[in-house]
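Being a predicted model, the structure only gives us computed values, none of them experimental.
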Amino acid sequence: MSSTAVPADAQETSDLVSDAAFRVCADPANRPLSVEDGSGFENRIAELFAGELGLPVKYTWFPMATGFIRRTLAANECDVVIGYAQGDELVLNTNHYYTSAYVLIAEADGPLAGVTALSDPALKGKRLGVIAGSAPATHLVRNGLIAGAKGYELFVDRRYQDPSGDMLADLEAGTIDAAILWGPIGGPLVKASHPDLKVTPLMKEPGQPRLFYRITMGVRQGEKAWTRRLNSLIRRNQDRIDAILADAGVPLLTDMGTELKDVAE
């Protein structure tokens, strides 16, 4: 058979990529993204892709902290990380399959509901919860808000610590006035368990660092054929991916992060 007649999805990938299973590298307790019981929205995307490939899903579980890529993807224990920020040099990125932003979470009927920038004067004198070392923390410094902020750890083993859940609990207890979280974490947590809170994407913040990111899948460096195959799956299944993300409560933005994406229901 001529090579030009071979379908794109049947083209050879690296000999390191398994042809017996869709091997996924994931954190076992990174709720609501990936969870060992399969309830995370990244688990649902993995199942979608595995179904398209006609393969079972096989997970390699490891906490999403220092050493994650080295101990999983780079060690050939698995072949893909379902959610990875565009531009990280540790992996080869696929095309992005969604764009989201950090969000401000506040009481739905309170004075901070609807704030879209950390430079908003309404935040002056307020105590804000923020993940230490995250991009929003830089903006809190710039806007004179960091002194009154409460920091929560970034790199933790989420099997034993839950900084996002702790932040939302503090918000409901009145310990902080608003919570700042990465949208794909905060949005689904609020949708699932916090009906009295409102999630607002921070789309109007001037200056750097930006508060929106494009999310890709990560594969091993050099795995260009495998990347092309995943890109094809992303392109053909974008509407189904959007539906999974929207159902979970992930705030979806247009590619430039300036407005909400119109997702078909």
Side-chain angles (χ1 to χ4, degrees), residues 9-98 100 131 153-165 182 184-185 188-189 213-234 236-237 240-241 244-245 248 250:
D9 275 359
Q11 292 174 4
E12 182 183 359
T13 59
S14 164
D15 57 6
L16 295 178
V17 176
S18 173
D19 60 4
F22 185 59
R23 302 192 305 166
V24 177
C25 328
D27 188 318
N30 196 16
R31 190 179 305 277
L33 289 82
S34 63
V35 193
E36 194 165 5
D37 65 10
S39 62
F41 64 79
E42 288 184 355
N43 299 100
R44 294 175 60 191
I45 294 171
E47 291 288 348
L48 168 62
F49 274 39
E52 290 292 297
L53 293 168
L55 298 172
V57 178
K58 181 181 179 181
Y59 283 101
T60 294
W61 301 110
F62 195 83
M64 184 70 78
T66 302
F68 174 79
I69 294 298
R70 177 174 52 84
R71 298 284 295 272
T72 59
L73 191 66
N76 192 30
E77 295 294 328
C78 42
D79 300 316
V80 61
V81 183
I82 295 296
Y84 216 86
Q86 188 180 64
D88 193 298
E89 295 181 355
L90 290 177
V91 303
L92 179 62
N93 297 108
T94 66
N95 294 339
H96 69 280
Y97 65 94
Y98 75 97
S100 194
I131 299 296
E153 290 187 74
L154 173 61
F155 293 113
V156 300
D157 187 335
R158 289 172 177 80
R159 294 172 297 180
Y160 310 106
Q161 295 174 266
D162 182 15
S164 301
W182 172 230
I185 293 176
L189 290 178
Y213 294 89
R214 301 181 186 103
I215 302 303
T216 72
M217 296 185 186
V219 304
R220 278 179 293 276
Q221 291 288 354
E223 298 277 11
K224 294 182 179 179
W226 179 226
T227 304
R228 288 194 297 271
R229 193 172 188 188
L230 292 171
N231 285 340
S232 177
L233 289 171
I234 290 169
R236 299 201 315 264
N237 292 280
R240 297 169 73 186
I241 295 169
I244 290 171
L245 295 169
V250 176

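Nearest heavy-atom pair across Ala50 and Val57 is CB-CG2, 3.4 Å. Contact between Asn95 and Asn231 at its shortest, heavy atoms only, is N-OD1, 2.7 Å. When all heavy atoms are compared, the tightest approach of Pro188 to Ile185 is CD-O, 3.5 Å. Taking each heavy atom of Gly38 and Asn43 in turn, the nearest pair found is O-CB, 3.4 Å. Contact record, Thr94 with Thr227: CA-CG2, 3.8 Å, taken as the closest heavy-atom pair. Shown here for Glu223 and Leu16, the closest heavy-atom pair between the two residues is OE2-CB, 3.8 Å.
Distance check, rounded to the nearest 0.5 Å: CG of Leu33 to CG of Asp27 gives 9.0 Å. Atom CD1 of Ile215 and atom CD1 of Ile82 lie 12.5 Å apart (nearest 0.5 Å). Here OG of Ser18 is found 9.0 Å from CG of Asn76. Values are rounded to the nearest 0.5 Å. The distance from atom OH of Tyr98 to atom CZ of Phe41, rounded to the nearest 0.5 Å, is 4.0 Å. With rounding to the nearest 0.5 angstrom, the CE atom of Met64 is 7.0 Å from the OH atom of Tyr84. Of the inter-residue distances, the one linking Leu48 atom CG with Phe22 atom CZ reads 9.0 Å to the nearest 0.5 angstrom.
Remark: Glu47 engages no residue in a side chain to side chain donor-acceptor pair (under 3.5 Å) (not counting sequence neighbours). Partners of Asp37 according to the side chain to side chain donor-acceptor pair (under 3.5 Å) rule, which considers only residues two or more places apart in sequence or in another chain, are Ser39. Among residues two or more places apart in sequence or in another chain, the side-chain contact (heavy atoms from CB on, under 4.5 Å) test is passed with Asp162 by Ser164. With sequence neighbours excluded, the residues that form a side chain to side chain donor-acceptor pair (under 3.5 Å) with Thr216 are Asn93. Residues passing the side chain to side chain donor-acceptor pair (under 3.5 Å) test with Glu36, sequence neighbours excluded: none. Listed by chain and number, the residues in a ring pair (Phe, Tyr, Trp, His ring centres under 6.0 Å) with Tyr59 are Trp61 (sequence neighbours excluded). Listed by chain and residue number, Asp247 satisfy the salt bridge (Lys or Arg N to Asp or Glu O under 4.0 Å) test with Arg44 (two or more places apart in sequence, or in another chain).
Side-chain contact between Glu42 and Asn30: absent, with no pair of heavy atoms (C-beta onward) separated by less than 4.5 Å.
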Table please: side-chain donor-acceptor pairs of residues 66-73 below 3.5 Å, with sequence neighbours left out.
from, atom 1, to, atom 2, distance (Å)
Thr72, OG1, Phe68, O, 2.5

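Within the structure, disulfide bond (SG atoms under 2.5 Å apart) pairs that include any residue of residues 29-63 do not occur (at least two apart or interchain). Sorted by first and then second residue, the salt bridge (Lys or Arg N to Asp or Glu O under 4.0 Å) pairs with a member in residues 73-87 read Arg23-Asp79, Asp79-Arg220; sequence neighbours excluded.
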Side chain to side chain contact (heavy atoms under 4.5 Å, CB included) between Leu55 and Phe49: does it pass, once the steps are laid out?
-> CA-CA 9 Å; Leu55 298 172; Phe49 274 39; over 6 Å; no
Please step through side chain to side chain contact (heavy atoms under 4.5 Å, CB included) for the pair Tyr97 and Ile45, ending with a clear verdict.
-> CA-CA 11 Å; Tyr97 65 94; Ile45 294 171; 3.7 Å; yes
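Ring geometry for Trp182 against Tyr213 counts as perpendicular: the plane angle is over 60°, on a 0 to 90° scale with 30° as the lower cut.
Using modelled atom types, one side-chain atom of Gln221 and one backbone atom of Glu89 make a donor-acceptor pair closer than 3.5 Å.
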